[in-house]
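Here is the structure we will look at, set down as structure tokens.
The model shown is predicted, which means the values in this text are computed figures rather than measured ones. Hydrogens, waters and symmetry mates are skipped; everything else that's a heavy atom, side chains included, is used.
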Amino acid sequence: MDFKQLQSFISVVRCKSFTEAAEELGISQPTISTHIRILEEELNSRLIVRTAKSFEVTPRGTELFECAQNILKLRDDMINRWNGHDSKVIRLGVSTIPSAYILPEVLPTFGKSHEDIYFVVTQSDSRGIIDAVHKGSYDLGLVGMKTDDEQLVFRKFYQDRLVMIAPVNDYFLEMKDTGSFSLEEVLQEQPVILREQGSGTGKSASAFLEKIGISEDKLHIAARINDQEAIKNLVAGGLGVSIVSEKAVHDYIDAKRLLQFELPGHIAGREFYIIYHKEYILKDYVCEFIRYLEHCYKQ
């Protein structure tokens, strides 16, 4: 017994005709007849009595008709819940930079053209989001780092770069005006504020320092903080310097609350990724959001 056989039986009873049931389901009449015969053989009961002039559903057939309708309804309800047909909701896990600086750019415009799609957004560091997507907690993740997790797909959608930020004071203003900026000297002389270990920015900054031959052990690390806005405020207040994503500091640079110093372009780049589980079939509207993101930040 399978769903197709039960569907054929329901259609035959409802239409009171094998021919009309076949037309309704888009299959051949012999297939309908075979489905009914298999059900009768498996249940060891006559379900339908049909003659040239009459069509009658037996008591056992009536009982099966009610049960089959309930079975198919349960199937349809389960499929709708799992596929999100009742409501189009995207469970989105995002790291700090996408949460604060990318989603505010894309969600308002996407929402205007896709009013039936809703988002449940959770923020964590990149490491936490990657682990959660692996476990199936989110449909998609937006993160600033890539791992070797073979169960996940990492699709680059945004190219960012690292910059050094410093407070607006005479020392750094003179350095900016004269072009005498030496990253190595600044990092050795000034307190440094870094992101926490699990963040994509933190991993990118560590990789950058390693590439230029500076060990974090040699730095005067004033703090490790998991909040990008707090880092910007602390640097602006004079606590130290920091290496951050350029995407995150446009507002403070434009407001002249921070000074920005460029880092070597060939090693200061960083990427942001859309991630999802390889084993999961993405819903159409989730794929639509992925395409929209990639279009927005197409290089």
**Prompt:** Atom CZ in Arg155, atom CG in Leu293: separation rounded to 0.5 Å?
**Reply:** 10.0 Å
**Prompt:** Is any side-chain heavy atom of Gln190 less than 4.5 Å from a side-chain heavy atom of His220?
**Reply:** no
**Distance-only polar pair, side chains of Tyr292 and Ser113, donor-acceptor under 3.5 Å** = no
**Prompt:** Does Asp131 come within less than 4.0 Å of Lys135, counting only side-chain N to carboxylate O?
**Reply:** no
Table please: side-chain donor-acceptor pairs of residues 116-124 below 3.5 Å, with sequence neighbours left out.
{"unit_1": "Asp116", "atom_1": "OD2", "unit_2": "Lys88", "atom_2": "NZ", "d": "2.9"}
{"unit_1": "Gln123", "atom_1": "OE1", "unit_2": "Ser99", "atom_2": "OG", "d": "2.9"}

**Request:** For the pair Ser137 (side chain) and Val133 (backbone), establish whether a donor and an acceptor sit closer than 3.5 Å, ignoring hydrogens and angles.
**Result:** no
**Item:** Considering all heavy atoms, the nearest Phe272-Ser245 contact
**Value:** CZ-OG, 4.0 Å
**Request:** Mind telling me whether His134 and His277 have parallel, tilted or perpendicular rings, with 30° and 60° as the class edges?
**Result:** tilted
**Prompt:** What distance separates Ile129 CD1 from Ser199 OG, expressed to the nearest 0.5 Å?
**Reply:** 12.5 Å
**Asked** Less than 4.5 Å apart, any side-chain heavy atom of Ile214 and any of Leu219?
**Response** yes
**Request:** Mind checking the CD1-OH spacing from Ile274 to Tyr158? Nearest 0.5 Å is all I need.
**Result:** 13.5 Å
**Prompt:** Going by an N to O cut-off under 4.0 Å, is there a salt bridge joining Arg14 and Glu24?
**Reply:** yes
**Asked** Taking everything shown except Asn70 itself, do over 12 heavy atoms lie less than 6.0 Å from its CG?
**Response** yes
**Item:** Lys232/Asp251 ion pair, N-O < 4.0 Å
**Value:** yes
**Asked** Counting N and O atoms only, with roles assigned by atom type, does the side chain of Thr62 sit under 3.5 Å from a partner on the main chain of Arg60, one being a donor and the other an acceptor?
**Response** no
**Validation row: Leu152, Ile130 side chains within 4.5 angstrom (heavy atoms)** = yes
**Asked** How far apart are the closest heavy atoms of Asp139 and Val89, and which atoms are they?
**Response** OD2-O, 3.8 Å
**Prompt:** Is it true that Tyr101 and Val249 fall in one hydrophobic cluster, defined by side-chain heavy atoms closer than 4.5 Å?
**Reply:** no
**Prompt:** How many angstroms lie between atom CG of Leu142 and atom CD1 of Ile97, to the nearest 0.5 angstrom?
**Reply:** 12.5 Å
**Message:** Main chain of Val244, side chain of Ser242: is a donor-acceptor contact present, judged purely on distance under 3.5 Å?
**Reply:** no
**Request:** Could you tell me whether a side-chain N or O of Ser11 sits under 3.5 Å from a main-chain N or O of Ser8, the two making a donor and an acceptor?
**Result:** no
**Message:** Checking Val12 against Phe65 for the side-chain contact (heavy atoms from CB on, under 4.5 Å) test, could you report, in this order, the C-alpha distance in whole Å, the side-chain angles of both residues, the deciding distance, and whether it holds?
**Reply:** CA-CA 10 Å; Val12 167; Phe65 179 72; over 6 Å; no
**Message:** Main chain of Ile27, side chain of Thr31: is a donor-acceptor contact present, judged purely on distance under 3.5 Å?
**Reply:** no
**Intermediate values then yes/no, side chain to side chain donor-acceptor pair (under 3.5 Å), Ser204 and Arg195** = CA-CA 10 Å; Ser204 296; Arg195 285 291 303 274; over 6 Å; no
**Message:** Assess whether a salt bridge exists between Glu216 and Arg224, defined as any Lys/Arg side-chain N lying under 4.0 Å from an Asp/Glu carboxylate O.
**Reply:** yes
Atom pairs and distances, side-chain donor-acceptor, residues 165-172, under 3.5 Å, sequence neighbours left out:
{"unit_1": "Asn169", "atom_1": "OD1", "unit_2": "Tyr171", "atom_2": "N", "d": "3.2"}
{"unit_1": "Asn169", "atom_1": "OD1", "unit_2": "Phe172", "atom_2": "N", "d": "2.9"}
{"unit_1": "Tyr171", "atom_1": "OH", "unit_2": "Glu189", "atom_2": "OE1", "d": "3.2"}

**Request:** Can you establish whether the number of heavy atoms outside Glu229 located under 6.0 Å from its atom CD is more than 12?
**Result:** yes
**Prompt:** Should Glu271 and Lys146 count as an ion pair when the cut-off is N to O under 4.0 Å?
**Reply:** no
**Request:** Locate the shortest heavy-atom distance separating Phe181 from Glu262; write the atom from each residue and the value.
**Result:** CE2-O, 3.7 Å
**Asked** Is it the case that one hydrophobic cluster holds both Met145 and Val153, taking links as side-chain heavy atoms less than 4.5 Å apart, direct or via other members?
**Response** no
**Request:** Group every Ile, Leu, Val, Met, Phe, Trp and Tyr by side-chain heavy-atom contacts under 4.5 Å, then state whether Leu47 and Ile71 land in the same group.
**Result:** yes
**Message:** Check this for me: does any side-chain nitrogen of one of Arg291 and Glu288 sit under 4.0 Å from a carboxylate oxygen of the other?
**Reply:** yes
**Item:** Heavy-atom side-chain proximity of Leu92 to Leu103 below 4.5 angstrom
**Value:** yes
**Request:** Tell me whether Val49 is reachable from Phe18 by hopping between hydrophobic residues (I, L, V, M, F, W, Y) whose side-chain heavy atoms are closer than 4.5 Å.
**Result:** no
**Request:** Using a cut-off of 6.0 Å, state whether more than 12 heavy atoms not belonging to Glu184 lie near its atom CD.
**Result:** yes
**Request:** Any chance you could measure Arg257, atom CZ, to Asp254, atom CG, to the nearest 0.5 Å?
**Result:** 12.5 Å
**Asked** Among the clusters formed by ILVMFWY side chains lying less than 4.5 Å apart, do Phe289 and Val94 turn up in the same one?
**Response** yes
**Message:** We want to know whether Glu246 and Gln260 form a side-chain donor-acceptor pair, criterion being a heavy-atom distance below 3.5 angstrom.
**Reply:** yes
**Message:** Under a 3.5 Å threshold, yes or no: a donor from one side chain and an acceptor from the other, between Gln159 and Arg270?
**Reply:** no
**Message:** Could you check whether Thr19 and Gln29, counting side-chain N and O atoms only, form a donor-acceptor pair closer than 3.5 Å?
**Reply:** yes
**Prompt:** At their closest point, which heavy atom of Ala268 faces which heavy atom of Leu263, and how far apart are they?
**Reply:** CB-CB, 3.8 Å
**Asked** Of the non-hydrogen atoms in Arg91 and Gly136, which two are nearest, and what is the gap between them?
**Response** NH1-O, 3.4 Å
**Prompt:** Is Glu41 atom CD crowded by more than 12 heavy atoms from other residues, nucleotides or ligands, each under 6.0 Å away?
**Reply:** yes
**Asked** Going through the distances and angles, do Phe3 and Leu72 end up as a side-chain contact (heavy atoms from CB on, under 4.5 Å)?
**Response** CA-CA 7 Å; Phe3 291 134; Leu72 294 187; 3.6 Å; yes
**Asked** Would Tyr297 and Glu105 satisfy side chain to side chain donor-acceptor pair (under 3.5 Å), going step by step from the backbone distance to the final call?
**Response** CA-CA 11 Å; Tyr297 296 106; Glu105 291 180 345; 2.4 Å; yes
**Request:** Output the distance between atom NZ (Lys211) and atom OG (Ser206), rounded to the nearest 0.5 Å.
**Result:** 12.0 Å
**Item:** Minimum heavy-atom distance between Thr58 and Arg46, given as atom pair plus value
**Value:** OG1-O, 2.6 Å
**Message:** Apply side-chain contact (heavy atoms from CB on, under 4.5 Å) to residues Ile290 and Tyr276 and explain how you reach the verdict.
**Reply:** CA-CA 10 Å; Ile290 291 175; Tyr276 52 88; 4.0 Å; yes
**Check: Ser126 side chain, Gly144 main-chain N or O, donor-acceptor pair, under 3.5 Å** = yes
**Message:** Set out, in order, the CA-CA distance, both residues' side-chain angles and the distance that settles ring pair (Phe, Tyr, Trp, His ring centres under 6.0 Å) for Phe157 and Tyr273, then state yes or no.
**Reply:** CA-CA 6 Å; Phe157 78 99; Tyr273 301 90; 8.3 Å; no
**Chi angles and distances behind the side-chain contact (heavy atoms from CB on, under 4.5 Å) call for Tyr285, His114** = CA-CA 9 Å; Tyr285 56 88; His114 302 79; over 6 Å; no
